[in-house]
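Step one of this worksheet: look at the structure below.
Below, chain A is the first sequence line, B the second, and so on; all start at residue 1.
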There are 2 protein chains.
Amino acid sequence: MRRKTKRVARAYHHGDLRDALLSAARDEIERSGYESLSMRDLAASLGVSEAAPYRHFTDRRSLLAALAAQGFRELEAAARRAMAKAPDPVARMDQGARAYLAFATRSPELFRLMFVSDLLTRAAPRDSSLVSVAHQFHHQFEAVVSGLCSRKDERSVKAAALTIWSLLHGFALLRMGHRLIPFMLGPLSGADLAEAVLSVASDSPNSIGRGLDHRRRGPRARKKQP
Amino acid sequence: MRRKTKRVARAYHHGDLRDALLSAARDEIERSGYESLSMRDLAASLGVSEAAPYRHFTDRRSLLAALAAQGFRELEAAARRAMAKAPDPVARMDQGARAYLAFATRSPELFRLMFVSDLLTRAAPRDSSLVSVAHQFHHQFEAVVSGLCSRKDERSVKAAALTIWSLLHGFALLRMGHRLIPFMLGPLSGADLAEAVLSVASDSPNSIGRGLDHRRRGPRARKKQP
DNA sequence: ACCATTAAGTTAATGGTGTTAACATCGATT
DNA sequence: AATCGATGTTAACACCATTAACTTAATGGT
């Protein structure tokens, strides 16, 4: 229904099916959740045969992976744009965090697909381009946090980055539980709460540094990773 | 495979199918992810016919919902047990948070099912008992955080609870991205990172209070505050 | 002791799904 | 102009959730 009917109204070749699939799939998952996306319905909605999508994506999984990769690129771009006009590192962090939360709010299902689906963790043929774009995203995030940290050693920065990311990430996800959230909010407005979270995010690099120093007895008492 | 073969080795009635289904399903989802759980395979693995499970669960969804509800009860019990011997509110929070993270580590797929699947948010016939047990869980969580807060008004407590929960929740989920995490960790051990996160969790109630006061300059600057 | 009821299994069928093989069409290259 | 590869189609296959209709066995009232 995109721009297909424009041409001859019955062209044998769609002309732009790959993009049309991604775009239609994206609309569809926001409507009904990514778990219930049906390849057949998708094809039908574009007026194309059941098997046509498989000329462009080997799998349903790979279509979803492409969607997720597109989401990562988009999120990175949005964050970059938001941070562009920030004067100092603190403002950069703040704007970046806002962009992250805004993305999760605008496209919750895409966000879930990117971060909590089994695409990145399960199944043998993991889409390598998806993995690389996800890594790239995290790299940029660490750079932003680094600007915020007083101590720039790798340990501190990585700890701070993952802590702040955890906070934003968890908040974004909890906010999606439509029925749960009103119960949790009480008299609090969503905006106020977001401010609270963001203020903690800005403060935390210091706490993290203190935390790491406080708790460690021996230089590196243990090397194991649970 | 439970205690079925004990009796007569070919009893027409299984005797304990409901529990057996839940138990087998739980094992299975931790092995292959909850999205790919198959009712047929499940039935087959218990030596029972394809339709048998539907005598105990109306749906695949409702089986998963029962699994999730069981998870909530278990998590709540584990947290309660962990917090039982804590002398003060700070220790309570710490122990509760550790129990939460430990649960997510021990049963990652069940955790995903409980918190980021579409069970609680999507679809018309939402399992009401699941919703209520989830609410109950959150209520207990708020009580723990309340003990940690200097200011006990509802606004502050709810903000603190959701902030701390966000942090733990996000960390638990990020830690599941098997391939992502080594990349994020760098020279940091997982245990050290957990300590950092936990220390922020303990500190944050104060930050949150400050955050809320600082940032608000709207019309009704304070509504229920002496 | 009988029998009706019912919970808990069974088999068989329905309809939907991802996916693939074999064939068809068309735009582009030679 | 003939060909060839990319893109689309049709017709299958295998899997899966779910349901209808039937069977078995245990239970409880008389």
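Between A:F103 and A:F72, the ring centre distance reaches or exceeds 6.0 Å. Ring centers of B:F111 and B:Y100: under 6.0 Å apart, within the cut-off.
A:R60 contributes no side-chain N or O that forms a donor-acceptor pair with the base of C:dG18 under 3.5 Å. Evaluation of atom-type donor-acceptor distances gives no pair under 3.5 Å for the side chain of A:R40 against the base of C:dG16.
When rounded to the nearest whole Å, the span between CZ of B:R18 and P of C:dG9 equals 12 Å. In this structure, the CG atom of B:L21 is 12 Å from the C1' atom of C:dA8, given to the nearest Å. Atom-to-atom, OH of A:Y54 to C1' of D:dA11 comes out at 15 Å; the value is rounded to the nearest Å. Nucleotide C:dG27 holds its P atom 16 Å from the CG atom of A:D16, rounded to whole Å. One can place CG of B:L17 at 13 Å from C1' of C:dT10, the figure rounded to the nearest angstrom. A straight line from CZ of A:F57 to P of D:dT7 spans 12 Å, rounded to a whole angstrom. Per the geometry, CG belonging to B:L46 stands 16 Å off P belonging to C:dA8, to the nearest Å.
Residue A:H56 has a polar side-chain atom (N or O) positioned under 4.0 Å from OP1 or OP2 of D:dG8. A sub-4.0 Å separation between OP1 or OP2 of C:dG18 and a side-chain N or O of A:S38 is present.
Residues from residues 62-70 of chain A that place a heavy atom under 4.0 Å from any atom of DNA chain C: there are none.
When heavy atoms are screened at a 4.0 angstrom cut-off, A:L42 is found touching no nucleic acid atom at all.
Between B:S132 and B:Q136, the side chains place no donor N or O within less than 3.5 Å of an acceptor N or O (distance only, hydrogens not considered). One side chain, B:R175 or B:T105, offers a donor N or O that lies under 3.5 Å from an acceptor on the other.
In this structure D:dT23 sits in a base pair with C:dA8, meeting the Watson-Crick or G-U test at under 3.5 Å. D:dG29: Watson-Crick or G-U partner is C:dC2, with both key distances under 3.5 Å.
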Using the rule given for salt bridge (charged side-chain N to carboxylate O under 4.0 Å, His left out), can you reason through A:E76 versus A:R73, listing the C-alpha separation, both sets of side-chain angles and the distance that settles it, and then say yes or no? CA-CA 5 Å; A:E76 190 171 348; A:R73 281 189 289 271; over 6 Å; no
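When each of A:M39 and A:R55 is assigned the nucleotide of DNA chain C with its nearest heavy atom, A:M39 is the one assigned upstream, toward the 5' end.
For A:A52, the side-chain atoms get nearest to D:dT9 when compared with the rest of C:dT19, D:dT9, C:dT10. Side chain of A:D41, nearest nucleotide from D:dA17, C:dT17, C:dG9: C:dT17.
With respect to A:E109, the side-chain contact (heavy atoms from CB on, under 4.5 Å) criterion is satisfied by exactly one of A:R26, A:E35, A:M176: A:E35.
Looking only at distances, no side-chain donor or acceptor of B:E142 sits under 3.5 Å from a matching main-chain atom of B:K158.
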